[in-house]
Amino acid sequence: MTPARFTEFLLRIRWTPINLASALQCDLSWVEAMEVGNAEVPVGLAAWLETLAQCHEAAGIPATYRERGHSEERPDGKDHSLSGTALRHRRR
């Protein structure tokens, strides 16, 4: 897998090298090396990234939640926004 293709797959799944390193529980420097072509991307990892990219593209991103705010009413009809008191407690 070329570095460009590796980067393309990360973009398609909306992951940064840090996200990938965290998911794999590996050293970030290795992921960065693959990203610039200083390390070869293992065949199994390339296949896994391609599968993830295909899944993300097939699932898409739901448009239902665009511009949704935290203080909007929930299905139970109650407004669950944080009160001033709750906000002060959260900031502590």
Side-chain angles (χ1 to χ4, degrees):
M1 174 180 278
T2 66
R5 190 101 166 124
F6 179 80
T7 300
E8 175 193 338
F9 282 133
L10 288 184
L11 289 172
R12 286 167 59 186
I13 63 175
R14 293 175 175 79
W15 279 7
T16 65
I18 292 171
N19 298 132
L20 180 59
S22 178
L24 298 176
Q25 298 182 5
C26 69
D27 194 49
L28 176 59
S29 64
W30 179 58
V31 173
E32 291 172 335
M34 289 185 289
E35 185 179 33
V36 297
N38 291 335
E40 196 169 318
V41 179
V43 173
L45 178 57
W48 182 69
L49 289 171
E50 185 169 1
T51 300
L52 285 178
Q54 290 170 355
C55 290
H56 277 247
E57 287 172 357
I61 299 173
T64 308
Y65 308 105
R66 291 183 183 158
E67 299 182 28
R68 176 122 187 202
H70 175 69
S71 64
E72 294 184 27
E73 284 188 9
R74 293 201 179 155
D76 62 7
K78 296 178 183 176
D79 182 353
H80 294 274
S81 59
L82 294 174
S83 67
T85 303
L87 284 174
R88 280 193 298 281
H89 287 287
R90 263 189 134 175
R91 289 184 193 137
R92 291 183 186 169

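Tracing side-chain contacts under 4.5 Å through hydrophobic residues (I, L, V, M, F, W, Y), one reaches Trp48 starting from Phe9; they form part of the same cluster.
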Requested in this report: Apply the test side chain to side chain contact (heavy atoms under 4.5 Å, CB included) to residues Arg12 and Glu57: give CA-CA distance (whole Å), side-chain angles for both, the deciding distance (0.1 Å), then the verdict.
Outcome: CA-CA 8 Å; Arg12 286 167 59 186; Glu57 287 172 357; 2.5 Å; yes
Query raised in the report: Between Arg14 and Ile61, is a side chain to side chain contact (heavy atoms under 4.5 Å, CB included) present by the stated rule, with each step listed?
Result: CA-CA 11 Å; Arg14 293 175 175 79; Ile61 299 173; 2.9 Å; yes
Query raised in the report: Where do Glu50 and Met1 land on the side chain to side chain contact (heavy atoms under 4.5 Å, CB included) test, with the steps shown first?
Result: CA-CA 10 Å; Glu50 185 169 1; Met1 174 180 278; 5.6 Å; no
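The two residues Thr16 and Leu10 make their nearest non-hydrogen contact at C-CD1, 4.5 Å.
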Side chains of residues 20-45: which donor-acceptor partners sit under 3.5 Å, not counting sequence neighbours?
{"from": "Asp27", "atom 1": "OD2", "to": "Ser29", "atom 2": "OG", "distance (Å)": "2.1"}

